[in-house]
> 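Have a look at the structure that comes next, please.
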Amino acid sequence: MSDKPRWNLAKLDKNERINAAKKFTTTKEIKASQIVDFYEAIIKPGDKVVLEGNNQKQADFLSKFLAKVDVNKVNHLHMILPSISRTEHLDLFEDNIAEILDFSFAGSQSLRIAQMVQDGTLKIGSIHTYLELYTRLFVDLIPNICLVAADKADHEGNLYTGNNTEETPTLIEAAAFKDGIVIAQVNEITDNLDRVDIPGGWVDYIVQSPEPYFIKALFTKDPRNITELQILTGMMCIKGIYAKHGVKSLNHGIGFNTVAIELLLPTYGESLGLKGKICTNWVLNPHPILIPAIESGWVRSICSFGGELGMDKYIRARPDIFATGRDGSLRSNRTLAQLAGLYGVDMFIGSTLQIDYYGNSSTVTAGRLSGFGGAPNMGHNPGGRRHSSEAWQSLVSSDDPLVKGKKLVVQVVETFGQGVTPVFVEQLDAVNIGRKAGLPAAPVMIYGDDVSHVVTEQGIAYLYKAENLDERKNALRAIAGVTPFGMSSTKENVDVLRQKGVVAYPSDIGIKVTEAKRSLLAAKNMEQLVEWSGGLYEPPEEFKCW
Amino acid sequence: METLKYTFQAEKRVKHKAHVGVVGSANLEVIFLPTNNSFSTMDISSKFEGHSAVWKSILERFFAENNCLADIEINDFGATSGVISLRLLQALEVANLDNE
Amino acid sequence: MIMNSFVELTARERAEAIVDKGTFRELLDPYENFRSPHLLKQGIIAQNDDGMIVGKGTFNNKQAVVISMEGNFQGGGIGEVSGAKFAGALELALEDNKKGIPTQPIILFDTGGVRLQEANYGLLSISEIQAAIVELRNYQPLIGVIPGRIGCFGGMSMTAALFSYLIITKEGRLTLNGPEVIEQEAGIKEFDASDKVLIWNTLGGANRVATGYADYLAEDSLEDIVRIIGKCIGLGIPVHRSTKIDAYENLLASINPKENLTPQGLQEYMKRHGFLEKDYTVKKVISNKKDHLQKQLPAQVIHSRGRSWFNGIVGKDYVNKSKIDSVMCGDISLNGEVARVITVVPDENSYYPRAKGGEVGLEQGWEIARCIREAMREDEGKVSRPIIAVVDTPSQAYGYKEELLGIFLSCASAVDAYASARLAGHPVVTLIVGNAISGAFLAHGLQESYIISLDDDKIVVHAMSKKSAARITKRSISEMDKAAADVPGIAYDIHSFNCLGALNHLIKVNNHDAPLNEDINLIKAELIKGIKTSRENGNTLKYRLKTENAIIYRALSIEVREKLKELW
């Protein structure tokens with residue numbers, strides 16, 4: 001007779017680990033100085049460890065000391081990292097503490113990852129979008145250990161994440177309800193929290209880190225560095241896309257092209273009489289560039305992925321625009337904002353480093369395995385959408401009653417990147433880089449058939465109107481400037497496409513190229529943003545020149 | 001650094017001289033001078049070497065679209081083709097303003 | 001609601017915007033095509049106006065000349081053409097004022113100082129600009145604006161320190177040595193060039209105004225800047241900062257260089273002592289420095305060429321007229337008249353330790369100025385005695401406190417004194433016996449109406465040490481040496497410097513380090529000749545552009561001035 005089946009192995013395992021940790025603490029609090037010993041007691045070889053670090057907030061104390069454990073005690077870890085931004089994230093693999101990596105985005109570490117994959121120091125599970133990675137935590141990447149960062153905790157383990165809630169609740173939920181161990185580093189342990197973002201019952205341990213967690217003002221861009229060409233493409237987008245399609249709900253990518261658009265709304269947008277007609281509801285980090293548009297009444301709501309450094313006071317003073325807690329500060333949520341950006345908005349607009357002749361684009365170039373973060377979530381047409389809107393409906397190009405509307409997915413680029421590197425290429429670098437890294441599919445950020453518009457300084461290609469692949473290619477050619485691809489375009493072809501409205505040059509939509517001047521920007525530098533905010537915005541030091 | 005010289009047949013004489021831009025990072029300076037010739041001259045100094053094909057393409061397009069007659073001087077500190085085209089148009093606009 | 005950003009504008013737009021609407025007339029505009037041949041020779045793209053905009057117009061209906069620097073072109077650096085445009089415009093404004101045509105100079109700074117790719121051309125130009133300013137200041141208040149983004153650095157910070165009024169924004173920075181150079185020369189512990197907060201707290205407009213090194217903090221707005229310029233013109237010619245020797249020497253003596261001093265601390269200190277009050281007068285020297293000197297062991301005398309030549313010329317039985325050991329000052333009898341000799345030497349006990357090695361530091365600049373002005377006072381109503389600067393200085397002092405306490409002003413006070421002495425009739429003669437570098441040379445040696453140098457290959461004349469210059473221009477030292485073969489202005493040797501025409505005479509002697517009696521006699525004869533020539537030339541710097549070498553190698557400096565005069 002066999003043993004009775006047992007259904008609580010995970011629970012028993014968790015209890016065992018907690019017992020092993022009792023020599024360090026009998027409460028939820030761990031001393032920072034004991035973290036390495038604690039890790040060695042509570043983490044088992046082969047564990048799946050999810051470590052918080054998106055491209056803003058980093059559980060950097062926890063990651064730094066995870067890389068210091070004794071490899072004889074802790075090894076073969078399977079790391080799940082939404083974003084790889086710190087050197088120790090990869091040191092874990094070099095030092096044989098970890099073995100397999102599942103991730104979404106790798107900014108500054110992208111070159112090193114590509115090399116490590118080639119050298120065999122690291123095995124990639126998959127490269128995901130944020131949403132994929134978050135959801136897999138609930139399906140087949142269920143974490144044994146969950147390492148997160150919060151602003152404050154009380155002695156019960158209740159967490160306050162304030163402006164930067166970001167992905168913390170999602171990561172914790174995945175572990176807490178499947179008998180994983182949740183460890184949070186906090187900047188401060190206090191008796192009273194102004195608000196509870198994550199209930200203490202979901203959290204096993206808290207540790208007060210000697211330094212506050214690292215955070216980057218990722219979306220803040222100095223308006224000083226906006227170029228006339230970005231202003232030109234910005235004007236083209238506003239008039240030729242936003243106004244044409246009546247885009248009200250949208251997500252802006254990161255970068256100067258969209259920053260230019262945000263600062264043109266109160267000036268150029270106003271002069272076109274578009275206030276209230278476009279750009280009213282945003283899925284966007286609460287970054288300071290949008291302050292002039294908010295202050296001049298363009299914006300009704302903003303749903304945020306994370307916080308943005310320096311914006312706290314401003315956000316507290318504008319609760320009608322932002323989601324705020326009882327304490328007055330922002331509540332962000334990366335998972336829900338990603339979902340909102342996927343389903344809830346009519347447009348995604350962003351930039352890229354390379355576009356091939358069919359409109360596929362990627363930021364994976366020159367040996368950099370950077371991943372995509374959230375762009376593909378926002379930058380595709382969700383087949384499951386059922387609600388309609390003016391913008392969504394405007395992309396229907398047939399009378400068939402069963403044809404659905406489409407999300408606008410817009411890519412803005414300058415025809416040449418830095419110096420003389422063409423952005424339009426016959427084959428994306430991603431294809432070869434993916435092959436070398438042994439990925440089953442090339443790391444494409446946004447697929448050509450999802451892209452509805454591409455904008456360059458030469459013109460707009462309304463790809464959604466293209467009747468076939470050839471026309472799509474010709475439309476891209478027509479706006480590819482003097483790149484080799486662009487030079488293969490013929491005047492006859494271009495004339496037909498302009499006639500059909502598949503391509504528009506600035507003059508076709510009543511824009512004079514020489515009108516693109518910096519004087520059109522509602523704020524030209526950081527100080528003017530502070531001025532717009534009535535002194536409420538407090539720029540981080542790295543953005544201050546005074 | 002590379003110097004390039006071109007001539008282009010053109011017809012629309014510019015009204016007066018014009019100057020735009022700065023020889024700063026990824027930027028350039030463009031000067032238009034009226035001419036009595038029946039062709040425009042281009043005198044280019046550029047930071048990057050080996051890109052005469054790109055220059056030629058930019059200029060061919062510019063003259064095909066604008067057909068403007070002038071002696072043009074360019075001092076380029078590594079501008080992209082988009083910026084170069086924009087400066088040329090800006091200079092042309094200034095060269096044809098009525099109030100000078 | 002949002003003001004018109006001034007920083008945002010190009011140099012030309014700034015110049016045009018600052019004068020009365022519709023009155024701006026540019027002189028030597030880009031169509032005149034004065035590109036820098038020196039940059040082109042080094043494969044660097046040049047700009048048709050060389051980054052220096054000169055124009056005339058009116059300001060509140062008063063005739064004005066506006067000079068505006070383009071920070072986006074080569075960091076607003078001063079080369080031969082741009083320097084000549086600046087100097088030439090000031091010289092013409094001076095002539096106007098002398099003729100009774102009031103012409104108000106307004107200078108819009110945005111410059112890293114000497115353009116390192118033209119090095120000594122820039123250095124000479126700046127000394128000529130400074131000479132013009134000291135004279136022009138007697139007729140009109142000199143008004144300078146430092147809006148940013150670059151600010152005002154290097155030799156141009158010394159220039160700015162000679163101004164009657166400085167208007168600066170929070171973003172503007174005013175400093176002799178840039179953070180990167182201090183870090184290179186004195187180490188990251190002395191100054192971390194990546195620390196933006198430290199940089200702006202120390203060198204930024206807010207602190208400069210709060211500590212009196214600049215006068216008015218302006219918003220980044222055209223309207224605000226115009227308003228303050230108008231106010232300054234109304235205030236007329238003030239007592240110039242660069243002449244307030246007692247006050248600043250007292251300040252330096254009362255601070256303990258070994259203690260930590262924050263910008264905030266300095267501001268509070270100045271407030272407490274009423275240092276910035278209009279009627280501030282020095283009551284007594286605060287004792288910090290006295291304590292320091294009493295505790296020091298007698299310093300070992302460090303050999304330097306400056307000291308050897310000074311001793312040789314002045315003789316053994318002299319009393320140092322300077323209050324500090326690193327500045328030597330004595331009077332001698334030369335050809336039947338009294339002459340004053342000044343040099344800077346190494347001093348292990350130097351109160352400010354960054355100036356131990358013969359550098360012109362905070363104290364040295366002011367002390368040189370005091371020695372000169374003392375002679376000027378004593379000679380009032382009599383024959384103005386010649387002043388002889390013996391030059392052997394490795395550089396200006398590099399340090400955090402040096403910048404915080406305004407080393408650019410200290411150096412400027414020496415410039416001011418030398419130039420004022422010339423204007424008062426003192427022949428001022430330079431004798432180069434060792435290195436003559438950068439801000440130190442500007443302060444001590446380049447305001448002279450006659451320059452002699454030993455003919456010695458070891459002598460280095462330059463705007464910046466090779467290491468720092470390589471870091472700033474992002475070139476290797478061998479690339480710089482290669483470029484120097486084509487452009488004499490950027491070579492470091494005295495023979496190349498001689499090409500530029502500012503040297504009146506190169507003299508071969510027997511022993512450069514320890515001069516023999518015959519060497520001293522030879523040099524004394526040369527000095528006498530120099531003094532005579534200087535007097536004949538009216539004790540000005542104008543001789544520089546008339547020498548045979550200048551006609552060849554500074555042809556552009558001459559041509560730019562001539563052309564400006566035509567267009568004036």
Side-chain angles (χ1 to χ4, degrees), chain A residues 224-236 256-257 260 351 353 412-424 454-459 477-492 494-495 498 505-508 511-520, chain B residues 1-2 4 6 8 14 18-30 32 42 44 46-68 74 76-99:
Chain A
R224 275 275 168 77
N225 302 322
I226 298 172
T227 65
E228 285 152 301
L229 282 193
Q230 285 154 351
I231 293 166
L232 173 63
T233 50
M235 292 162 72
M236 288 158 68
F256 280 102
N257 291 106
S351 199
L353 296 177
V412 191
V413 291
E414 204 180 314
T415 54
F416 281 87
Q418 283 195 335
V420 284
T421 319
V423 166
F424 292 92
V454 175
V455 184
T456 71
E457 74 274 11
Q458 196 184 2
R477 221 194 284 272
I479 60 160
V482 295
T483 61
F485 183 47
M487 291 310 290
S488 66
S489 159
T490 64
K491 194 175 180 304
E492 295 71 39
V494 175
D495 287 345
R498 286 168 79 177
Y505 285 169
S507 57
D508 301 336
I511 289 175
K512 217 167 137 192
V513 172
T514 50
E515 284 168 0
K517 294 211 164 91
R518 281 186 46 89
S519 54
L520 282 176
Chain B
M1 176 173 161
E2 173 169 69
L4 300 164
Y6 298 99
F8 289 90
V14 299
H19 171 267
V20 299
V22 174
V23 186
S25 175
N27 205 341
L28 73 161
E29 173 184 53
V30 177
F32 273 45
M42 294 293 315
I44 301 164
S46 176
K47 182 178 170 178
F48 292 129
E49 292 179 14
H51 297 289
S52 54
V54 174
W55 277 104
K56 201 155 173 268
S57 308
I58 296 170
L59 297 173
E60 276 168 0
R61 286 194 168 185
F62 176 74
F63 282 102
E65 278 163 34
N66 299 288
N67 193 22
C68 62
I74 288 179
D76 165 45
F77 210 68
T80 59
S81 71
V83 174
I84 295 167
S85 303
L86 177 64
R87 290 278 174 274
L88 282 167
L89 285 174
Q90 288 170 339
L92 177 62
E93 188 174 274
V94 177
N96 285 328
L97 285 178
D98 286 326
N99 59 1

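Just so we're on the same page: letters track the sequence lines, and every chain starts at 1.
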> As an exercise, state the distance from NZ of A:K491 to CZ of B:R61, rounded to the nearest 0.5 Å.
11.5 Å

> Between B:N27, B:V83, B:V54, B:L92, who has the most heavy-atom pairs with chain A when the cutoff is under 4.5 Å?
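It is B:V83.
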
> Got A:E457 and B:S81 here, is their nearest side-chain heavy-atom distance under 4.5 Å?
yes

> Calculate, to the nearest 0.5 Å, the distance between atoms CD and CG belonging to A:E228 and B:L86 respectively.
5.5 Å

> Select one option (side chain, backbone, both, neither) describing which atoms of B:Q90 are under 4.5 Å from chain A's heavy atoms.
both

> When rounded to the nearest 0.5 angstrom, what distance separates CZ in A:F416 from CD1 in B:I84?
9.0 Å

> Say you draw a straight line from CD of B:E65 to OH of A:Y505; how long is it, rounded to the nearest 0.5 Å?
8.0 Å

